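Below you'll find the structure, written out as structure tokens, and then a few comments.
Note on naming: letters A, B, ... go to the chains in the order of the sequence lines (proteins, then strands), and numbering restarts at 1 for each one. Quick caveat: nothing in here was measured; it's all calculated off a predicted structure.
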Amino acid sequence: MPASPPPPPDLTEVSSWYREHARDLPWRHAEFHVEYGAWGTLVSEFMLQQTPVSRVIPHLEAWLHRWPSPAAMASATPAEVVHQWANLGYPRRALWLRRAAIEVTERHDGVVPRDVPALLALSGIGDYTARAVAAFHYGDRHPVVDTNTRRVIARAADGCSQPAPPSKRDLDRMSELLPQAEDQAAVFNAAMMELGATVCTARAPRCEICPLASVCAWLRAGRPDTGDRRRRQARYEGSDRQARGAVLRMLRDAPGHVLPAHAAAGDWPDPAQRDRAIDSLIADGLIEATEGELRLPN
DNA sequence: CAGGCGTGGCG
DNA sequence: TCGCCAAGCCT
């Protein structure tokens, strides 16, 4: 007779904690949702994909002021969005966001869809972003799983110091823990993320102030180092990514977003690497080459 | 599934 | 100084 899986722990205490300790962020104001609708949430979630909150906030307001709807964004050029994206990082996200805006305009009459499958079908939207929009803007009950949520579950429920790599199972896992009521589920999703971002952090968790301290399996076990199966980020210094970043930055800053090909990172120490970077940027649609010049696409 | 993809702050 | 880390997604 196989052992039955342990019952999921009750982590709903995070929701009470969240109501008192949530940071005051733009997308947590009702007016934000009234002003920009699901589009505001979608843009914020795109920017927050791997970029810290503190760097997103100033860019978010400027972006939504310039392009307050999917239709407005859909008429912008790639050059305009890449320039506006500035130094948020991973500039392909700017192109994906623009493409998603076009898709919303064409497929959904300019209204960001509420259904998760429809959201998943949009460019640049995966399991996290789709459910974040459906849960945080529309208020529907979905498991919203990001790196913070996975870390809190790994520690509090599984007693591990770090989460396993992302997996589809994470969604089922979060579903088990999610309160049944829609309004409570939305708060719980946000609360798990907030706890992971501000208390149950990757490097120096503050267990002494954690609302889950009394139920946390990891703390109860003495915070053991259970190993780390996460994927290591490749070294950035000297990488192709760094070369791409240098070329793109030159073009973002150039008048008319155009430069002679030899001027775009022409002094890069490794010419072969520079050429690889240019080719891959072209392949990604981030730049184009015409008549000995490089430019952001119009 | 593993690897690629920016940028900057922090311990 | 240098590696880690940040509300992931695509191929």
Side-chain angles (χ1 to χ4, degrees), chain A residues 18 22-23 25-28 40-60 82 85-97 99-100 119-137 142-152 161-171 174 186 189-198 200-206 228-252 265 273 276-277 279-281 283-286:
Chain A
Y18 178 79
R23 291 167 295 175
L25 301 174
W27 45 90
R28 291 178 177 166
T41 303
L42 185 62
V43 172
S44 70
E45 295 299 348
F46 259 87
M47 291 184 173
L48 288 164
Q49 292 169 4
Q50 298 283 278
T51 299
V53 167
S54 60
R55 282 177 50 210
V56 163
I57 288 176
H59 286 279
L60 177 63
V82 167
W85 195 259
N87 64 341
L88 281 172
Y90 290 147
R92 294 187 296 183
R93 286 182 293 160
L95 296 185
W96 290 337
L97 177 53
R99 200 180 313 157
L119 286 161
L120 285 170
L122 299 173
S123 296
I125 295 190
D127 286 327
Y128 166 75
T129 304
R131 289 170 180 79
V133 170
F136 297 146
H137 179 76
H142 298 287
V144 181
V145 178
D146 76 332
T147 185
N148 294 304
T149 302
R150 291 191 302 104
R151 186 171 53 249
V152 173
S161 51
Q162 297 293 345
S167 152
K168 290 287 184 187
R169 298 185 216 286
D170 298 332
L171 295 178
M174 186 62 174
N189 277 316
M192 290 286 278
M193 291 173 61
E194 186 74 355
L195 189 73
T198 63
C200 191
T201 55
R203 198 120 36 131
R206 303 156 67 195
D228 191 343
R229 294 152 56 203
R230 292 173 299 171
R231 198 158 46 108
R232 302 285 168 172
Q233 198 166 241
R235 178 181 184 81
Y236 183 67
E237 190 67 29
S239 68
D240 285 15
R241 293 163 67 185
Q242 186 183 34
R244 283 169 55 105
V247 170
L248 202 60
R249 177 186 300 241
M250 300 262 309
L251 287 172
R252 275 203 314 263
Q273 183 177 59
R276 267 202 313 280
D279 288 345
S280 72
L281 286 167
D284 286 345
L286 281 163

Got a donor-acceptor pair under 3.5 Å from the side chain of [X] to the base of [N]?
X: A:S280; N: B:dG4; result: no
X: A:R241; N: B:dG4; result: no
X: A:E194; N: C:dA7; result: no
X: A:R231; N: B:dG4; result: yes
X: A:R203; N: C:dC4; result: yes

### Message
In the structure I gave you, are the side-chain heavy atoms of A:M192 and A:V144 within less than 4.5 Å of one another anywhere?
### Response
no

### Query
Does the side chain of A:E194 come within less than 4.5 Å of A:R28's, by heavy atoms?
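Touching, per the 4.5 Å side-chain cut-off.
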
### Message
What contact category does A:A204 fall into here, base, sugar-phosphate, or nothing, at under 4.0 angstrom with non-hydrogen atoms?
### Response
nothing

### Touch class at under 4.0 angstrom, heavy-atom based, for A:V53 against every strand present
base

### Query
Would you say the side-chain atoms of A:D146 and A:T149 include a donor-acceptor pair closer than 3.5 Å?
yes

### Query
Rounded to the nearest 0.5 Å, what separation is found between the CZ atom of A:R169 and the CZ atom of A:R150?
13.5 Å

### Query
When the P atoms of C:dC9 and B:dG8 are considered, how many whole Å apart are they?
23 Å

### Message
Side chain of A:Y236, heavy atoms from C-beta onward: which of C:dC5, B:dG6, C:dG8 has the nearest atom to it?
### Response
B:dG6

### Query
Counting side-chain heavy atoms from C-beta on, which of B:dT7, B:dG11, C:dG8 comes nearest to A:T129?
C:dG8

### Query
Between A:R93 (CZ) and B:dT7 (C1'), how many Å, whole number?
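Roughly 10 Å, once rounded to whole Å.
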
### Query
Atom CZ of A:F46 to atom C1' of B:dG6: distance rounded to whole Å?
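That distance rounds to 16 Å.
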
